[in-house]
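Note on naming: letters A, B, ... go to the chains in the order of the sequence lines (proteins, then strands), and numbering restarts at 1 for each one. Nothing here was measured: the structure is a model prediction, and the numbers come from that model.
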Amino acid sequence: MTVRTRFAPSPTGYLHIGGVRTALFAWLFAKGQGGQFILRIDDTDAQRNVDEALAPILHGLKWVGLDWDEGPEIGGPYGPYFQSQRLEKYQAAVQKLLAAGAAYRDFATTEELQAEREESQKAGKPFVYSRKWRAETDADVKRLEAEGRAGVVRLLMPREGQFVLNDIIRGEVRIDWASEQDHVIQRADGTCLYHLATVVDDHDMQITHVVRAEEHLSNTARQVFMFERLGYEVPVFAHLPYVAEPGSKTKLSKRKLDKYLKNRDFAQLMEHGQSIARRLGMAVSAETFNPVIVDFYEQVGYLPHALLNYLLLLGWSLDDKTEDFSREDMLKHFSLERVNKAPASFDCEKLVAFETRAMQRLPIKQRVAKAVPFLQRAKLVSEPPPCDTAPYVTRILEAAGDRLKVAGDILDFDDFFVADDALQYDEAALDKRLRKPVEALPLLKKYREMLAAIEPFAADRLEAATHEFVEANGLKIGDIVHAVRVAITGKAVGFGLFETLAILGRERCLARIDRALNVAMQPSAGKA
RNA sequence: GGCCCCAUCGUCUAGCGGUCUAGGACACCGGCCUUUCACGCCGGUAACACGGGUUCGAGUCCCGUUGGGGUCACCA
């Protein structure tokens, strides 16, 4: 029997980072042993814009490369894969449970139930429904309906003994049946609830292993109860620890961004992403654009594999040293047995470290291919790009080396793409390097003349000439290099100056220096 | 609060009774390199929550305490 796992998100409008990890583990477990990974949409809670709320989830899964064998868009032999389209199946299961004496019709009102709950709470006892409005016969049903009551269907849960679960990750877990409620599985209007639906679907779709987050652990007893009373084979369960907040053990949630933003690393990750997004002209509201949502990483230009590699090690490890996993390595080595039991907190710094390493290893050609779309989105390069774009960006990225951590970082080098007379100067750098040192402007002028004559206008020649220039004028290299950098890039920081000069070319360098000389003679913008 | 789960450096983890004076990675702190930034290199700080057992021997097994977390819907 081949292994079949599933990921069953509800259409919330975004893909949570913890959800990706759950999907990853389920995907790896199945695909690693030649099985199937199924995507099913838990939309029993019929919402209006399912398509709209689902799109980002499908998109996110595709982006990280977690492809599904059956599910939305591709269908499959056990469809439909949307719970909202499977109601008859659930209703049939309800009938079966009713017939088997595993469920009953119940006519209690919300208020009556609430009263019972409060009573047990007052008594300090766990709530156990009295089953007072349970209809045992058709006559009961008639009588209760005549009272104007609406009937739901509840599970007739055992009230003695223990449920024993053998979880792949957590081992043996015991729960007293008495602590379980008579859960509602069908509403008065005939619609069905999640617990029933998930059991019916997992069976219909022949799921062999339910790999899901730990918050479902306490749901397992009632689900297994249904599997058994429905005469279904019970799948194997594996409950993953959840992904926790940075620096805490509380479950990571999209709703607590304000709190996470107080974490320095998280705030930094966010700010870095937002600065890129802003330059792309994107909306950067924390509500829709933040590191808890997977889309964030795609928009900013992270490599999907780096995210996956990081997430893989969040709660799982192969041994005491292996950190880098190719997709093949992951599939080959992953096992649920080695998943940790304790929650793991989301560590931004480490994610960035994986990303940095992955980007460094990416061949230059691919780095260029990742970067160019960002230049286009920022309107720094036209679309389609001029034919000299690729070689030009290649030179920049070669010079930038590992300074490009995510593809969007290419925007740090926007100065290579703007017109000479549109270059923005960092005022602080201008003050420090050109306006404040008394000798700066005359020196820069002199250096400009040297540049005008130098042949060839190439990095190594420029470097040698600059050293000669420094020596001839009794300077230190720092006396000229910083001034030139500010003059030609507008910035205080950047990669090697001589590469920068060479890439820009003589004409643009001279034009920029001339303009900088002019600008530097004006008073600081802030004071003007 | 009831029930359930969890517990090794700041973080992710290795460790499945002796090889642990606890290993790796990220972060951090020094130093080197250096035209800025980044990288790189060298070195360093840093953990078995606590208390009882079991055992010749416990980070590793058991119990308790403490702490953390999850869950208690006609949500999924």
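For the 3.5 Å distance criterion, the side chains of A:Asp329 and A:Ser326 qualify, holding a donor opposite an acceptor. Judged purely by distance below 3.5 Å, without hydrogens or angles, the side chains of A:Asp319 and A:Thr322 pair a donor atom with an acceptor atom. Between the side chains of A:Arg212 and A:His239, at least one donor-acceptor pair of N or O atoms lies under 3.5 Å.
B:U8 sits 29 Å from B:C56 when the P atoms are compared, rounded to a whole Å. Comparing the C1' positions of B:C41 and B:A46 gives an interatomic distance of 22 Å, to the nearest angstrom. When the P atom is used for both B:U45 and B:G1, the distance is 42 Å, rounded to whole Å. Of the P atoms belonging to B:A47 and B:C62, the separation is 26 Å, rounded to the nearest Å. Using atom P as the reference point in both B:U65 and B:U71, the two lie 24 Å apart (nearest Å). Taking atom C1' on both B:U21 and B:A38, the two are 38 Å apart, rounded to the nearest angstrom. One C1' atom belongs to B:C20, the other to B:G59, and the distance between them is 8 Å to the nearest Å. A distance of about 14 Å separates the P atoms of B:G64 and B:C6, rounded to the whole Å.
The side chain of A:Thr466 places no N or O atom within less than 4.0 Å of a non-bridging phosphate oxygen (OP1 or OP2) of B:U35. Between A:Asn340 and B:A14 there is a side-chain N or O to OP1 or OP2 distance below 4.0 Å. Proximity of A:Arg264 to the phosphate of B:U11: no side-chain N or O atom is located under 4.0 Å from OP1 or OP2. Applying the 4.0 Å criterion to OP1 and OP2 of B:A14, one finds that A:Ser317 has a side-chain N or O inside that range. Regarding contacts with the backbone of B:G2, every side-chain N or O of A:Ser179 stays at 4.0 angstrom or more from both OP1 and OP2. For A:Lys251, a side-chain nitrogen or oxygen approaches OP1 or OP2 of B:U71 to under 4.0 Å. For A:Arg117 and B:A73, the shortest distance from a side-chain N or O to OP1 or OP2 is below 4.0 Å. Within the 4.0 Å cut-off from OP1 or OP2 of B:C75, at least one side-chain nitrogen or oxygen of A:Arg187 is found.
Taking the side chain of A:Ser10 as heavy atoms from C-beta on, and the options B:G23, B:A76, B:U71, the nearest nucleotide is B:A76. For A:Ala342, the listed nucleotide lying nearest its side chain is B:A7; candidates were B:C4, B:A7, B:A76. When distances run from any side-chain atom of A:Asn219 to the nucleotides B:U36, B:A76, B:G70, the shortest one goes to B:A76. Here the side chain of A:Glu214 is nearest to one of B:C5, B:A25, B:C12, namely B:C5. For A:Val493, the side-chain atoms get nearest to B:C37 when compared with the rest of B:G70, B:C5, B:C37.
Searching all strands for a Watson-Crick or G-U wobble partner of B:U55 with both distances below 3.5 Å returns nothing. With a cut-off of 3.5 Å on both Watson-Crick or G-U wobble distances, the partner of B:C3 is given as B:G70. Nucleotide B:C20 is matched to nothing when pairs are restricted to Watson-Crick or G-U wobble geometry with both distances under 3.5 angstrom. Across the strands present, B:A25 finds its partner in B:U11; the criterion is a Watson-Crick or G-U wobble pair with both atom distances under 3.5 angstrom.
With respect to A:Lys491 and A:Asp414, a salt bridge is recorded, a charged nitrogen being found less than 4.0 Å from a carboxylate O. Taking 4.0 Å as the cut-off between side-chain N and carboxylate O, A:Glu427 and A:Arg435 count as a salt-bridged pair. At a threshold of 4.0 Å, the pair A:Arg131-A:Asp182 counts as salt-bridged, since one of the basic side-chain nitrogens sits closer than that to a carboxylate oxygen. Ion pairing of A:Asp202 with A:Arg40 is present here, as a side-chain N (NZ or NE/NH1/NH2) and a carboxylate O approach within less than 4.0 Å. Contact check on A:Arg149 versus A:Asp106 returns no salt bridge, with no Lys/Arg side-chain nitrogen under 4.0 Å from an Asp/Glu carboxylate oxygen.
Using a 4.0 Å heavy-atom criterion, one finds that A:Ala344 contacts the sugar-phosphate atoms exclusively. At a threshold of 4.0 angstrom between heavy atoms, the contacts of A:Phe498 include nucleobase atoms, whether or not backbone atoms are also involved. Within the nucleic acid shown, A:Arg222 has no heavy atom closer than 4.0 Å to any nucleic acid atom. Within the nucleic acid shown, A:His183 has no heavy atom closer than 4.0 Å to any nucleic acid atom. Heavy atoms of A:Phe354 sit nowhere under 4.0 angstrom from any nucleic acid atom. Counting non-hydrogen atoms under 4.0 angstrom, A:Asp402 reaches a base of the nucleic acid. At a threshold of 4.0 angstrom between heavy atoms, the contacts of A:Asp347 include nucleobase atoms, whether or not backbone atoms are also involved.
Atom CZ in A:Phe237 sits roughly 22 Å away from atom P in B:G70 (whole-Å rounding). Atoms CG (A:Asn263) and P (B:G10) sit 15 Å apart, rounded to a whole Å.
Side-chain atoms of A:Lys341 and base atoms of B:C6 include no donor and acceptor less than 3.5 Å apart. No donor-acceptor contact under 3.5 Å links the side chain of A:Lys321 to the base of B:A14.
For A:His216 and B:A76, the ring-to-base geometry satisfies the stacking test (centroid distance below 5.5 Å, interplanar angle below 30°).
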